[in-house]
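Here is the structure we will look at.
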Amino acid sequence: MPIAPKALRRPRSTVVSALPATVLSFVLALVASLVFGAAMSACSSSSAASCTSAGCPKGDACIDDGDGPRCLRVCTSQSQCTGGTFCNDGQPQSWCVASTLEVTRGTGQWSTSCSPTGGMNDNPACDSADNFLCYGASPTDATAFCTYFDCLYDGDCPGGWSCATINEAPNVDTVSRSFGATRTACLPRQYCASCKLDHDCSPAPDGSQEHCVGQGTPGGGFCAPQCATSSDCALDATCAPQWGVCAALRCTADADCQANGSAQVCVAGACQRTCSADSDCPASNGMPQHCAVGSTGKACAAQACSSDDDCPPTLGTFQHCNAGGCTPECGSDADCDPGANDQVCIPLSVCTPRAGSCEGSGLFCSPCRSDADCAAGGGFCVVSTYSKERFCSQPVQNGTCSSTTGPPPGGCPSIPTGASAQVVACTSTVTDFAPTNQCIGEVTFGTAQGMTQFDPGCWAQNR
């Protein structure tokens, strides 16, 4: 979803999503043009104003946000922005901007747990008066939470969330699948959500750090959790090296660290320099270190971080956040703190879609998030029962699907090159994932009574 023009803020009583799509587009374009145009013309007099970062309050910097240079709160994470604001994707510095939706803060809003038994609308846990409803995948979803529905922009949502297009159902009221009906809701940005910088992505459900990768590729950047092996990823994703980064040399004894003259010792399986004060810690990879308290005592550590956005370049090299510390990219061990001989170059890997992208063309087996992503091919966004993979179906051609013989000759597309699907099937009746006469891919997921079992899937790993 788009970010609203900076000057446009919608009061919570605005109800424009109920308008027909053509009228809605015209109204939004007109309002944005009038408001944004007025803001642009009004800022001409203030653009000559000057400020200096040295004269700004602590934590602020002098930034020209389009209304002229002024002191603004800078940020590298969403936690640095107060309620009602979020950390934008400004470059080379991001800053806190106001949400495009005006909502009086109260109970029953963002992330508040809600019982599915209370229903989607008028759930007692949610602030339904302000259009906060209970979001969940089914009537038994124990992780259901309150969120704002019918958003228009990512800026309507908290930092680290986006205005996502979702299928109407299933939801906390029904397991029955809707087909073709979609709406929007603010949801945390997790695997495969669009992003521009790391701070756009929320931590993965298991707490793993997420990185924004794939910028500049078709479909743009997407959130991807850090991983060690493919078992850490969804079944339709694989753990792939993204960058080489410098890391402490692994060890089993002090001698492993001191073989090359290093003064480090082996602490918790890694070579570290013990310390009592910051002055005991030499620079590493061109950046200062500090004396940090760990589970085994004090040791020199790099700048702490929660995302790559916290890590400035060093010696002309990009840095990344790995295990809570900033570390530079590398091509070999020789790139890592060569004076100390205490680091090695290791791969930093993230979960990437086996399909090659998080959102495809809308044709058969293209990755999707909702039915809206499959409109180009006339299909629907199938959600796999087992792997939870989402991919587009496509209507059967030249006849109808038979429960005994499958699709008619030439009625379904071929399996895409590189896909994991073993067969192409079609639906002879309405199912909980697609209506009648839809071509779908199928992968295997084990055997039962000696017979191979199949599950909807195009790119998921066969089991």
Side-chain angles (χ1 to χ4, degrees), residues 1-11 14 28-105 151-163 189 194-201 212 215-216 220-221 286-288 303-321 326:
M1 298 297 291
I3 297 288
K6 171 176 59 61
L8 178 60
R9 295 194 75 201
R10 300 185 296 114
T14 300
L28 288 177
L30 179 62
V31 171
S33 174
L34 291 175
V35 177
F36 192 50
M40 289 299 289
S41 62
C43 76
S44 59
S45 61
S46 62
S47 60
S50 61
C51 65
T52 62
S53 294
C56 293
K58 185 178 180 180
D60 288 15
C62 185
I63 299 173
D64 188 344
D65 66 347
D67 286 339
R70 57 197 179 105
C71 293
L72 296 169
R73 175 69 56 177
V74 296
C75 55
T76 56
S77 68
Q78 300 297 344
S79 62
Q80 294 169 317
C81 297
T82 57
T85 67
F86 64 93
C87 190
N88 72 358
D89 294 321
Q91 289 292 326
Q93 238 176 354
S94 300
W95 64 92
C96 299
V97 297
S99 169
T100 50
L101 179 71
E102 296 180 0
V103 176
T104 302
R105 298 184 68 185
C151 51
L152 297 179
Y153 311 106
D154 288 347
D156 290 345
C157 310
W161 295 42
S162 68
C163 183
R189 278 192 175 101
S194 61
C195 60
K196 291 185 178 179
L197 296 173
D198 270 26
H199 69 237
D200 292 334
C201 304
C212 184
Q215 299 93 326
M287 296 294 287
Q303 177 180 330
C305 57
S306 59
S307 77
D308 287 7
D309 303 336
D310 291 325
C311 302
T314 176
L315 302 177
T317 301
F318 286 112
Q319 290 200 103
H320 299 282
C321 186
C326 294

From [X] atom [atom1] to [Y] atom [atom2], the distance as rounded to the nearest 0.5 Å:
X	Y	atom1	atom2	value
R189	S194	CZ	OG	5.5 Å
S77	L197	OG	CG	12.5 Å
D200	Q78	CG	CD	6.5 Å
N88	I63	CG	CD1	8.0 Å
C163	L101	SG	CG	10.0 Å
L72	D67	CG	CG	9.5 Å

Do side-chain atoms of [X] reach the backbone of [Y] as a donor and acceptor pair under 3.5 angstrom?
X	Y	value
D309	H199	yes
S99	G84	no
D308	D198	no

SG-SG distance between [X] and [Y] under 2.5 Å?
X	Y	result
C96	C75	no
C195	C201	no
C87	C81	no
C321	C311	no
C56	C71	yes

Residue pair P312 / Q303: nearest heavy atoms and the distance that separates them: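 In terms of heavy atoms, the two residues are closest at CD-OE1, 3.8 Å.
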
Please identify each residue that fulfils salt bridge (Lys or Arg N to Asp or Glu O under 4.0 Å) with D60, with sequence neighbours left out. R73

Disulfide bond (SG atoms under 2.5 Å apart) between C62 and C51, intermediate numbers included: CA-CA 6 Å; C62 185; C51 65; 1.8 Å; yes

Pairs in or reaching into residues 310-319: which pass side-chain hydrogen bond (donor to acceptor under 3.5 Å, both in side chains), with residues at least two apart or in two chains?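 Of all non-adjacent pairs touching residues 310-319, those that pass side-chain hydrogen bond (donor to acceptor under 3.5 Å, both in side chains) are T76-D310, S306-D310.
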
Do D154 and S162 pass the side-chain hydrogen bond (donor to acceptor under 3.5 Å, both in side chains) test, and can you show the C-alpha distance, the side-chain angles, and the key distance before you say yes or no? CA-CA 5 Å; D154 288 347; S162 68; 4.6 Å; no

